[in-house]
2 protein chains.
Amino acid sequence: MKKAILERIRAGTWPPGASLPGEIDLAKEFGCARATVSRAMRELVTDGILERRRKVGTRVRSAPTRRAEFTIPLIREEIIATGAQYGYALVEREIQIVPVWLRAQLDLPAKARVLRLCCVHFADNVPFQVEDRWINLSAVPEAASFDFEETGPNDWLVRKVPFTNAELSFSATGAQPRIAEMLGAAHGSAVFTLERTTWLEGAGVTFARLHFAPHYKMTTRY
Amino acid sequence: MKKAILERIRAGTWPPGASLPGEIDLAKEFGCARATVSRAMRELVTDGILERRRKVGTRVRSAPTRRAEFTIPLIREEIIATGAQYGYALVEREIQIVPVWLRAQLDLPAKARVLRLCCVHFADNVPFQVEDRWINLSAVPEAASFDFEETGPNDWLVRKVPFTNAELSFSATGAQPRIAEMLGAAHGSAVFTLERTTWLEGAGVTFARLHFAPHYKMTTRY
DNA sequence: TAGTGGTCTAGACCACCCC
DNA sequence: GGGTGGTCTAGACCACTAA
């Protein structure tokens with residue numbers, strides 16, 4: 001069904017910007033139930049192919065969708081998937097009062113306690129990613145008594161703590177001396193940086209800043 | 001319906017990794033039709049919350065390999081959305097034989113002709129993005145006779161040329177002298193770089209390498 | 001207010017795949 | 001083989017919104 005509609009769009013029966021017939025007419029035309037047409041069209045909307053408005057009808061999107069989807073894998077799985085051996089090292093672990101910049105990001109009260117971790121993930125013993133992690137101890141008190149010597153915070157959190165909202169941002173930063181050293185890169189070299197914040201029902205859970213080794217590329221197809 | 005299921009997951013009735021009851025049981029429990037449960041669950045699968053396998057059942061994904069979705073706006077619209085004034089300048093326009101590295105990327109025959117464009121997008125007269133663009137002239141012959149003095153290739157292509165597949169990749173690169181100069185940045189400074197390739201039915205259409213001014217961040221929430 | 005999509009029901013058959 | 005999800009039907013009512 002979905003294929004049949006797609007074919008017509010590709011064939012030019014319904015060029016970009018054109019209106020499609022209503023669900024009932026299409027159902028007759030294809031000889032199937034209206035619910036079937038409806039489902040196929042709803043899927044095409046989520047695929048970014050169609051655009052629907054009540055009372056107006058369904059149109060083929062004229063400017064093809066410009067949405068990209070990323071799956072953010074666990075770093076361990078990402079490394080293993082390349083065929084390399086995964087390695088992990090904890091560099092720093094400290095409980096502290098939340099820094100001001102992080103208070104704003106996680107929406108925490110003043111003097112909230114956070115666990116700060118810094119660790120390195122290796123692929124075949126070569127540094128792959130430096131993870132700077134802050135965990136809100138009022139949201140995740142168990143974290144205070146876990147040592148993170150063997151298991152990375154990423155792995156641990158994913159199994160322990162659900163979240164409802166997240167924010168991701170990508171950027172390029174010049175490697176700070178400490179980061180550069182841990183990554184085995186030159187000072188100031190361009191580092192791909194991913195920041196991720198997660199909340200559970202409005203309460204900030206954790207913030208991570210991930211620094212990737214030089215030449216890392218994050219790729220997606222659609 | 002979808003909400004009801006999500007609530008239970010959040011509430012911990014079905015913790016990560018747990019199996020949910022079958023569709024028929026759930027339908028009884030919620031007092032609704034099986035098709036309704038089915039649709040809600042399928043949607044939760046596409047949201048990355050659930051995982052389903054025939055004969056095995058439905059589970060809550062333990063590692064929410066959640067997908068982040070980006071909307072890649074037209075650069076012009078992105079700049080205007082910040083309240084700044086959009087500016088555009090064409091720096092270079094040349095028809096040439098496709099370079100080898102690009103042949104592989106676009107899947108072109110040797111000696112295919114491509115149009116190479118280099119331009120800068122400004123926000124309030126400050127360089128915002130440098131666009132390095134290659135267009136396959138056998139796929140888009142009209143491009144050869146368009147001068148791109150006033151309209152950026154991005155704007156033009158989006159209106160003229162459909163595509164069926166695309167690949168996006170993000171990385172951090174040290175600014176090459178030419179790029180640095182155009183961006184008004186220091187040589188070697190960290191530049192966020194986005195590469196985008198699009199195909200139409202298997203035929204490479206265009207490749208773009210976008211270099212953003214320092215401190216650019218690409219952000220998404222979900 | 002009329003017409004569109006959005007959602008649901010109750011039932012049916014099929015495809016897959018672990019046991 | 002048998003239980004699971006995948007998909008479909010035919011019909012119904014609701015919600016939104018442009019005219």
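Lettering of chains follows the sequences in order, A, B, ..., and the numbering in each one begins at 1. Computed from a predicted model, the values in this text were never measured in an experiment.
Atom CD of A:Gln105 is separated from atom CH2 of A:Trp134 by 11.0 Å, given to the nearest 0.5 angstrom. Atom-to-atom distance recorded for B:Phe207:CZ and B:Leu102:CG is 7.0 Å, nearest 0.5 angstrom.
Under 4.0 Å is where a charged nitrogen must lie from a carboxylate oxygen, and between A:Glu195 and B:Lys217 at least one such pair does. Taking a cutoff of 4.0 Å between a charged side-chain nitrogen and a carboxylate oxygen, B:Asp147 and B:Arg93 do not qualify as a salt bridge. Taking 4.0 Å as the cut-off between side-chain N and carboxylate O, A:Glu23 and A:Arg52 count as a salt-bridged pair.
Nearest-nucleotide mapping onto DNA chain C: of B:Val37 and B:Val56, the residue sitting toward the 5' end is B:Val37. Each of B:Ala35 and A:Arg54 was matched to the nucleotide of DNA chain D holding its nearest heavy atom; the match closer to the 5' end belongs to B:Ala35.
Taking every nucleotide of DNA chain C with any atom under 4.0 Å from a non-hydrogen atom of chain B, the first and last of them, 5' to 3', are C:dT7 to C:dC18.
In this structure, A:Arg34 reaches the bases: a heavy-atom distance under 4.0 Å links it to at least one base atom across the strands shown. A:Thr58 comes within 4.0 angstrom of the backbone, heavy atoms only, and of no base. Using a 4.0 Å heavy-atom distance criterion, A:Arg52 is classed as a sugar-phosphate-only contact.
Shown here for B:Val37 and B:Cys32, the closest heavy-atom pair between the two residues is CG2-SG, 3.7 Å.
In this structure, B:Lys55 places its NZ atom 13 Å from P of D:dG1, rounding to the nearest Å.
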